[in-house]
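Structure first, commentary second.
What you are looking at is a predicted structure, and each value in this text was computed from that prediction instead of being measured. Within every chain, numbering begins at 1; the chains are lettered A, B, ... in the order of the sequence lines, protein sequences first and strands thereafter.
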Amino acid sequence: MLCHRVLSLPFMSINRRIWIMEPVITRFAPSPTGYLHIGGARTALFNWLFARHHSGSFILRIEDTDQVRSTDQSVKAILDAMEWLGMDWDAGPYYQKERFDLYEDHLQKLLNSGHAYYCDCSPEDLDARRKAAMAEGRKPKYDGRCRDRGFGPGSHRVVRFRCPHGGTTVVNDLIKGPIFFDNAELDDLVLRRSDGIPTYNFAVVVDDITMNISHVIRGDDHVNNTPRQILLYRALGEPLPSFGHVPMILGPDRARMSKRHGATSVMAYREMGYLPQSLINYLVRLGWSHGDQEIFTLQELVEKFSLESVGKSASVYNPEKLLWLNAHYIKESDPEQLVPLLKPFLESLGYPPKDPHYIARAVRTLQQRSKTLVEMAESMNFYMLDEITYDEGAAKKFLKPGMVDPFQRLVEALEKAENFDEPALEKIFERVIVAELNMKFGKVAQPVRVALTGGTVSPGLFEVMAVLGKNIVLKRMRKALAYMQQEGEN
RNA sequence: GGUCCCAUCGUCUAGCGGUCUAGGAUACUGGCCUCUCACGCCAGAGACACGGGUUCGAGUCCCGUUGGGACUACCA
């Protein structure tokens with residue numbers, strides 16, 4: 001029997017790796033309408049890493065065409081957060097409001113070439129028509145009323161883009177692959193508002209063209225804008241940059257991250273005692289991966305980052321993993337380097353100032369048990385305060401009359417101690433408690449802990465003693481003795 | 001409603017047709033270590049949304065269903 005199967009020659013899809021000869025230039029373009037949030041920070045990070053990986057440059061641009069919502073305060077907040085995270089930029093920050101002439105020039109080009117036209121429709125009118133269209137089940141897009149009315153400039157007129165009615169626009173997304181849009185779905189977007197201010201979609205295109213941006217890496221909430229922007233590049237006769245749309249970060253309810261999901265501000269994490277590298281490491285792993293590796297130095301990230309290993313699906317923000325990373329970086333940090341970072345937290349707790357080297361030694365004993373700098377500062381109280389206060393329950397439970405004798409002997413032995421380092425201290429306890437008194441170390445450990453720290457939770461006793469030093473230790477032991485003796489009398 | 005995107009343990013993810021009775025991390029549970037709390041170590045439980053194809057073979061390719069998300073402004 002005849003086989004009628006048509007043997008169409010399959011297109012050998014040549015997996016062409018496009019080597020970019022031109023320099024890589026990326027940008028981060030936040031709008032200054034609030035602090036830098038987690039999502040924005042990750043977008044910035046991907047842009048920064050991509051630029052650094054390709055030895056290109058990274059530009060910061062402030063998109064402040066929304067004059068009502070933009071504030072200088074927000075600009076500062078964003079810049080501060082970028083600096084804190086260690087993302088430096090090679091040019092900028094540029095401000096769109098200082099570039100209006102540029103937008104105007106490009107707008108005139110579009111007007112002259114017939115790619116743009118004046119529109120006289122009032123917002124109210126537009127709104128009514130949109131609603132009517134929806135009610136009738138039609139698309140709520142601009143109906144093109146003024147498209148061919150040949151208006152000239154006028155005080156209340158906007159300028160619209162003359163969007164082609166037919167054809168398909170392809171976004172060749174670096175992350176998501178090709179995405180096809182029927183131009184018929186797009187409408188004649190406003191390029192310049194009636195107050196003369198350019199709209200976002202127009203300003204970005206002009207900016208990205210004039211700044212020679214080679215790779216536009218942004219949140220995938222922009223994919224639907226991209227075909228319009230591509231059409232604008234075409235109308236302007238400009239070459240296209242590459243686009244890469246990074247999936248969103250979602251809250252636990254799988255809706256786009258927002259304030260109601262808790263701490264979303266980058267700087268809030270600094271205040272909560274997080275290290276910048278924790279946030280960087282967490283953010284980069286949200287959507288990007290390199291095999292099974294979880295921990296990356298900045299240098300490794302620059303080496304290994306690529307858009308090909310950015311995932312396509314949205315990810316849910318998980319603060320617990322960030323906390324784990326922070327605990328990790330606190331553990332790994334050099335205690336001396338932690339001191340200056342810890343300082344503001346120490347101060348806000350009202351501790352008296354201490355020698356940085358002393359603080360560093362205290363820090364060393366707490367690195368394993370602190371997940372944040374706030375936590376660390378809080379558990380440092382017995383190192384920092386000259387006078388400790390007993391936790392009531394702890395004192396009652398452990399500072400009992402039966403401890404008077406062991407404490408007295410310990411005080412005597414400690415007074416004579418020439419070395420006050422951990423091994424020496426351990427030997428003293430071994431001799432006095434275990435050998436002479438025939439007691440278990442565990443019997444006196446908690447009482448001594450309460451005497452020295454006021455509570456039942458602390459780093460190892462010998463570590464604590466070595467850091468506090470002979471004088472303070474003896475002082476606190478004697479104070480505990482006095483307390484026990486007084487309790488015995490009552 | 002329309003357009004577009006997405007779909008592996010609760011969560012972040014590895015996987016790029018056979019080596020997957022699906023790996024790692026986090027969180028959780030149990031044990032060990034131990035002067036408390038942690039850290040650390042060991043173990044355990046836990047996922048390919050569903051249905052059709054294609055193929056000798058599918059978590060991996062195609063289509064559909066379902067579910068989620070984004071966009072739909074003279075905001076960005």
For B:C4, the nucleotide meeting Watson-Crick or G-U wobble distances (both under 3.5 Å) is B:G69
Atom pairs, protein N/O to nucleotides 60-65 of chain B N/O, distance under 3.5 Å:
none

Regarding the side chain of A:K321, the nearest nucleotide among B:A76, B:C74, B:G24 is B:G24
Worksheet item: Looking only at side chains, do A:H245 and A:D221 share a donor and an acceptor under 3.5 Å apart?
Response: no
Looking at B:C74, does its base get a donor-acceptor pair with the side chain of A:S194 below 3.5 Å?
yes
Between protein and nucleic acid, restricted to nucleotides 1-10 of chain B and to nitrogen or oxygen atoms under 3.5 Å apart, what atom pairs and distances do you find?
unit_1	atom_1	unit_2	atom_2	d
B:G2	O2'	A:K139	NZ	2.5
B:C5	O2'	A:K176	NZ	2.8

If pairing means Watson-Crick or G-U wobble with both distances under 3.5 Å, then the partner of B:A58 is none
Angle class for the A:W288/A:H290 ring planes (parallel below 30°, perpendicular above 60°, tilted otherwise)?
parallel
Sub-3.5 Å pairs of nitrogen or oxygen atoms, protein against nucleotides 18-22 of chain B:
none

### Query
Under 4.0 angstrom, heavy atoms only, what part of the nucleic acid is A:T65 near: base, sugar-phosphate, or nothing?
sugar-phosphate
- Could you check whether A:V158 gets within reach of a base, just the sugar-phosphate, or nothing at all, counting any heavy atom under 4.0 Å? base
If pairing means Watson-Crick or G-U wobble with both distances under 3.5 Å, then the partner of B:A27 is none
Table of protein N/O atoms under 3.5 Å from nucleotides 28-30 of chain B N/O atoms:
none

Next on the checklist: Considering every strand and a 4.0 Å limit on heavy-atom distances, what is the contact class for A:H222: base, sugar-phosphate, or nothing?
Outcome noted: base
For the ring pair A:Y233 and A:F161, is the centre-to-centre distance below 6.0 Å? no
Which of B:A70, B:G69, B:A73 is nearest the side chain of A:L250? It is B:G69
In Watson-Crick or G-U wobble terms, with both distances under 3.5 Å, the base opposite B:C50 is B:G64
If only side-chain N and O atoms of A:S315 are considered, is one of them under 4.0 Å from the OP1 or OP2 phosphate oxygen of B:C12?
no
Quick check on the 6.0 Å ring-centre criterion: do A:H222 and A:Y200 meet it?
yes
Donor-acceptor contact present, side-chain A:N381 to main-chain A:E378, <3.5 Å:
yes
message: Any carboxylate oxygen within less than 4.0 angstrom of a Lys/Arg side-chain nitrogen, looking at A:K141 and A:E185?
response: no
One should read off an interatomic distance between A:E300 CD and A:I295 CD1, to the nearest 0.5 angstrom, of 9.5 Å
Mind checking if A:E294 touches a base, just sugar-phosphate, or nothing, with heavy atoms under 4.0 Å?
base
Quiz item: Just checking, is any N or O donor in the side chain of A:R99 or A:Q96 under 3.5 Å from an acceptor N or O on the other one?
Solution: no
Subject >> Any side-chain donor near an acceptor of the partner, A:S278 and A:Y269, under 3.5 Å >> reply: no
- request: Tell me what A:R228 touches on the nucleic acid: a base, only sugar-phosphate, or nothing, going by heavy atoms under 4.0 Å.
  value: nothing
Can you see whether A:T169 engages A:R228 through a side-chain donor-acceptor pair at a distance of less than 3.5 angstrom?
no
Value for CD1 (A:I179) from OG1 (A:T226), rounded to nearest 0.5 Å, stands at 7.5 Å
Any donor-acceptor pair under 3.5 Å linking the side chain of A:Y282 with the backbone of A:N318?
-> yes
Here the distance between atom P of B:C71 and atom CG of A:L186, to the nearest Å, is 16 Å
According to a strict under-4.0 Å criterion, is A:R285 in side-chain N/O contact with OP1 or OP2 of B:A14?
no
Could you list, one pair per line, each protein nitrogen or oxygen that sits under 3.5 Å from a nitrogen or oxygen of nucleotides 46-51 of chain B, together with the distance?
none

- prompt: Side chains of A:Y35 and A:T264: is there a donor and an acceptor less than 3.5 Å apart?
  reply: yes
* Find out whether the Lys NZ or Arg CZ of A:R160 is both under 6.0 angstrom from the six-membered ring centre of A:Y118 and within 45° of the ring's axis. => no
Scan A:R130 against the nucleic acid and name what it touches under 4.0 Å (heavy atoms): base, sugar-phosphate only, or nothing. sugar-phosphate
Expected string for nucleotides 33-41 of chain B under the B/S/- scheme (protein heavy atoms, under 4.0 Å, primed atoms plus P, OP1, OP2 as sugar-phosphate) is --BBBBSS-
Describe the nucleic acid contact of A:G287 in one word from base, sugar-phosphate, nothing, applying a heavy-atom distance below 4.0 Å. sugar-phosphate
At under 4.0 Å between heavy atoms, what does A:N225 touch on the DNA or RNA strands: base, sugar-phosphate, or nothing?
base
Closest to the 5' end of RNA chain B, once A:D195 and A:H290 are matched to their nearest nucleotides, is A:H290
Picking from B:U11, B:C74, B:C71, the nucleotide nearest the side-chain atoms of A:R256 would be B:C71
Paired to B:G40 by Watson-Crick or G-U wobble criteria (both distances under 3.5 Å) is B:C32
